[in-house]
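Single-structure report; data block below.
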Amino acid sequence: MKNQQIAALFNEIASLLEIKGENPFRIRAYQRAAVNIGGLTQDVAAMADEELRSIPGIGPDLVGRIREFLGEERVALHEDLKKEIPAGLLDILRVPGVGPKTVKTLYEKAEVRGLDDLETLIREGNLAGLPGIQRKAEENIRKGIEMLHRGRERNPLGKAMPIADDIVRKLRAKTPLGRIAVAGSIRRWKETVKDIDLLATSARPEKVMKVFTSLPVVREVLEHGTKKTSILTAEGIQVDLRVVAESSFGAALQHFTGSKEHNIKLREMARRIGLKINEYGIFRENDEMRIGGRREGEIYTALGLPFIPPELREDGGEIEAGSEGALPRLLTVEEIRGDLHVHTRWSDGGHDLDVLVQAAKKKGYQYIAITDHSKGLGIAHGLDERRLRDQIALIDETNRTLTGFRILKGVEVDIRGDGTLDLPDGVLGELDIVVASIHSGFRQSREKITARLLSAVRNPLVGVIAHPTGRLLGERDPYDVDMEAVFREAAARGVAMEINAHPARLDLSDHHVRMAKRYRIPLVISTDAHVNGDFDYMEYGVATARRGWAVPGDVLNTLPCSSLLKRLRSGRNREVRSLGRKT
DNA sequence: GCCGTTTTCGGCCCGACTGTTTTCAGTCG
């Protein structure tokens, strides 16, 4: 699938055009096209011209560029731009605080052709003095380069969310606040976030901002105003706090929750019916009459839309679905009835059955599946056949003491390098649920990895593929795998794909969830809990499912225990029957 | 470069903060 490559190409074209000082709307057109192609679940290579045209922001020219890229792996416009503009200028454009105009000045007035040149210029004290650049600007650029070198522009949601919650708690305790909320991509539960957006109301904004800038987590104050103040935390995450009037809180929450693309589309919609939206409210254009803004829902109501859950606000068709009354009724965390991927001290978990059962009951669950590692994972003290049988016996015994709750017998069996499973079918057949996953050979070729997963999916005893792409956010890229092939096979055999809710994984990703839905693949959402507190990660998994437009019916662990077991067994029987006919 | 129940041409979301200006440009979200 070349979608991501095309999206990256269009973004690069946009940046090059920016540096050239081209028509901003042409630039936006390329950026918009990049976002929409990047978010597509279908392969553009498999789409007809008419289908391509139906993608928002793709017109005749861009269809041509897409075709050109698919055919020749390159685009003439892009090649021409690269001849004209040194590639190093794109790096400079990535420096926070440096935009296209500055890049152009640097190139034209100081012959800067890349980051190295720029750093030399600063070291030799020749930056300040260029048009529009004095001492402060030089200092900001220097800091921007430092920030870029530190890298990690985006932070995993699991890291940002607790920091945001902590700051909110402190501000609540120490300042005269009315309301306060976390907005931005955190509120949309995006898997990585660039910064933390906070929104508050207060009669005394100066006081709030003063306390904010002097919180212990603050390493540096980036901007200090009465409406907006930005700081950098010790961890290097930027936090923006905005204080707005009570009457604008809803509009501001809508505005700062984004996404940008979602908001642009809403505003275009508003304009067409004579309305104007900004972060202070929604207004009639002709007489500036305010028609809403205190509550977030008023913005949507004024446009004739239902409330759109933040997780869907990516301009991924949610506005169109809303106007047609076709928004999905998204899954909620309360509908989850159990966790199907849990480790104990038998392998690398931290707790025994009783502690985990307690914690699961406290979450209101009806069941959990114990899925310790198999023997191939020596480092995790994985179970061999004998120990797994011992655990099965222990679970049976424990279940007899429980009422209204059931422990499912399971395993997280390793898919070995050659695609075989790490335990024989005999013992796997004694379990309620077999979860299979890859823990080694991440660098194998696309063909090999795909074949491994396919062979696991084809084993009739396997019910779930866990963390299907193997990624660790910000640490390890997903392995190279043909997910469409895996999804096709899983759909044919009714094998479920896991949304691993651990914030370090979120695997499947939201994007893959949407793709899985297209293939009508059953999903499960599991935390991969290693200690009892990990059960709380379920919220991240459900949010990821919601971002993928999942409804309760898509997710197996919304089922009551008996239905779930029936469902898991039916997969096996169907396969066994068809095998039986052949022989 | 896209797009159209006002338009096939002339629009294209909107505002805050900073720094360098002495009324605004650049950047960001």
Side-chain angles (χ1 to χ4, degrees), chain A residues 10 13-14 17-19 21-36 52-66 77 92-106 128-141 143-144 147 153 183-185 188 190 193-199 205 209 221-231 238-244 248 251-252 254-283 285 299 303 315:
Chain A
F10 282 180
I13 290 176
L17 292 173
E18 258 190 312
I19 295 171
E22 264 270 6
N23 174 5
F25 298 106
R26 188 178 177 211
I27 293 162
R28 200 185 118 195
Y30 275 99
Q31 288 167 338
R32 180 153 183 250
V35 169
N36 287 331
L52 289 174
R53 283 296 301 275
S54 72
I55 302 170
I58 304 290
D61 283 27
L62 292 180
V63 169
R65 309 259 189 247
I66 293 170
L77 169 67
I92 300 182
L93 195 57
R94 289 175 51 228
V95 176
V98 176
K101 296 292 189 329
T102 309
V103 171
K104 200 165 185 225
T105 305
L106 290 170
L130 292 173
I133 299 173
Q134 294 304 324
R135 276 203 26 245
K136 275 280 194 171
E138 177 182 87
E139 181 59 17
N140 284 340
I141 292 173
K143 279 188 195 160
M147 206 179 283
E153 282 185 68
S185 44
R188 303 200 314 278
K190 207 169 149 69
V193 301
K194 187 144 162 275
D195 50 24
I196 296 173
D197 285 297
L198 303 178
L199 198 63
M209 294 309 196
V221 178
L222 302 171
E223 277 177 23
H224 193 158
T226 56
K227 293 182 170 167
K228 179 190 176 193
T229 294
S230 302
I231 60 103
Q238 183 173 331
V239 186
D240 299 341
L241 173 63
R242 291 177 172 84
V243 177
V244 300
S248 295
Q254 197 289 318
H255 177 88
F256 292 112
T257 296
S259 66
K260 191 168 122 191
E261 290 73 23
H262 175 88
N263 286 353
I264 288 176
K265 188 161 268 186
L266 286 188
R267 284 179 201 167
E268 286 169 350
M269 239 176 120
R271 278 186 79 94
R272 282 200 292 276
I273 54 173
L275 299 175
K276 187 178 84 165
I277 303 172
N278 58 29
E279 59 257 58
Y280 300 107
I282 180 160
F283 305 87
E285 219 158 16
I299 306 291
L303 297 175
D315 190 19

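As a basis for the values below, the full set of heavy atoms in this structure was taken, side chains included, without hydrogen atoms, waters or symmetry mates. Throughout, protein chains are lettered first and strands after them, A, B, ... in sequence-line order, and every chain is numbered starting at 1.
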Task: A:Asn140 vs A:Leu275, nearer the 5' end of DNA chain B by closest nucleotide - done: A:Leu275
Open item on the list: My understanding is that only residues two or more places apart in sequence, or in another chain, count here; which of them pass side-chain contact (heavy atoms from CB on, under 4.5 Å) with A:Ile273?
Closed with: A:Leu275, A:Leu303
Task: Spacing between A:Phe283 atom CZ and B:dG15 atom C1', to the nearest angstrom - done: 12 Å
- [ ] Could you pull out all residues at least two apart from A:Lys143 that satisfy salt bridge (charged side-chain N to carboxylate O under 4.0 Å, His left out)?
- [x] A:Glu220
TODO: Taking A:Ser259 for its side chain and A:His262 for its backbone only, find out whether a donor-acceptor pair lies under 3.5 Å.
DONE: yes
Open item on the list: Whole angstroms only, please: what is the NZ-C1' distance between A:Lys265 and B:dC2?
Closed with: 12 Å
Open item on the list: Keeping A:Glu138 on the side-chain end and A:Ala128 on the backbone end, is there a donor-acceptor pair under 3.5 Å?
Closed with: yes
- [ ] Taking only the side-chain heavy atoms of A:Arg26 (C-beta and beyond), determine which of B:dG15, B:dC12, B:dG1 contains the nearest atom.
- [x] B:dG1
- [ ] Could you give the distance separating B:dT27 and B:dT20 at their P atoms, to the nearest angstrom?
- [x] 13 Å
- [ ] With syn defined as a glycosidic angle within 90° of 0 and anti as everything else, classify B:dT21.
- [x] anti
Open item on the list: Suppose we screen for side-chain contact (heavy atoms from CB on, under 4.5 Å). Which residues come up paired with A:Lys228, at least two apart in sequence or across chains?
Closed with: A:Glu223, A:Ser230, A:Asp240, A:Arg242
Open item on the list: At under 4.0 Å between heavy atoms, how does the protein contact nucleotides 20-29 of chain B? Give one character per nucleotide, 5' to 3', with B, S or -.
Closed with: S-----SSSS
Task: Atom pair distance, as rounded to whole Å: CG in A:Leu222 and C1' in B:dG19 - done: 15 Å
TODO: Please report, rounded to the nearest Å, how far the P atom of B:dC14 is from the CD1 atom of A:Ile299.
DONE: 13 Å
- [ ] Using the P atoms only, state how far B:dT5 lies from B:dG1, rounded to an integer number of Å.
- [x] 23 Å
Open item on the list: Applying a 4.0 Å non-hydrogen cut-off, can you work out what A:Asn263 is touching in the nucleic acid: base, sugar-phosphate, or nothing?
Closed with: nothing
- [ ] Side-chain contact test, heavy atoms from C-beta onward, threshold under 4.5 Å: evaluate it for A:Pro56 versus A:Lys265 and give yes or no.
- [x] yes
Task: Pairwise C1' distance, B:dT18 and B:dT23 [rounded to whole Å] - done: 15 Å
Open item on the list: Please check: side-chain N/O of A:Asp197 versus main-chain N/O of A:Ala183, any donor-acceptor pairing under 3.5 Å?
Closed with: no
Shorter than 3.5 Å, N or O on both sides, protein versus nucleotides 3-6 of chain B: list them out with atom names.
unit_1: B:dC3; atom_1: OP1; unit_2: A:Gly57; atom_2: N; d: 2.9

Task: Pairwise C1' distance, B:dT6 and B:dG11 [rounded to whole Å] - done: 12 Å
Open item on the list: Measure CE/A:Met209 against P/B:dC17 and give the value in whole Å, please.
Closed with: 8 Å
Open item on the list: Can a donor-acceptor pair be found, under 3.5 Å and without considering hydrogens, that links the side chain of A:Arg188 to the backbone of A:Thr257?
Closed with: yes
TODO: Return the value, rounded to whole Å, for the distance between atom NZ of A:Lys227 and atom C1' of B:dG15.
DONE: 9 Å
Task: Separation of B:dC2 P from A:Leu52 CG (nearest whole Å) - done: 12 Å
Open item on the list: Taking the nucleotide of DNA chain B with the nearest heavy atom to each, does A:Leu62 or A:Thr226 sit closer to the 5' end?
Closed with: A:Leu62
Open item on the list: Please enumerate all residues that pass side-chain contact (heavy atoms from CB on, under 4.5 Å) together with A:Gln134, with sequence neighbours excluded.
Closed with: none
- [ ] Remember a base hit wins even if backbone is also touched, and classify A:Ile27 as base, sugar-phosphate or nothing at under 4.0 Å, heavy atoms.
- [x] nothing
TODO: Classify the nucleic acid contact of A:Lys276 as base, sugar-phosphate or nothing, counting any heavy atom under 4.0 Å across all strands shown.
DONE: sugar-phosphate
Task: Side chain proximity check, A:Val98 to A:Val103, heavy atoms < 4.5 angstrom - done: yes
TODO: Determine the minimum heavy-atom distance between A:Leu266 and A:Gln254, stating which atoms define it.
DONE: CD1-NE2, 3.4 Å
Open item on the list: With a 3.5 Å limit on both atom pairs, tell me what B:dT8 is paired to, counting Watson-Crick and G-U wobble, or say none.
Closed with: none
- [ ] Measure from CD on A:Gln31 to C1' on B:dC12 and round the result to the nearest Å.
- [x] 14 Å
Open item on the list: Could you tell me how far B:dT21 sits from B:dC14 if I compare only their P atoms? Round to whole Å.
Closed with: 31 Å
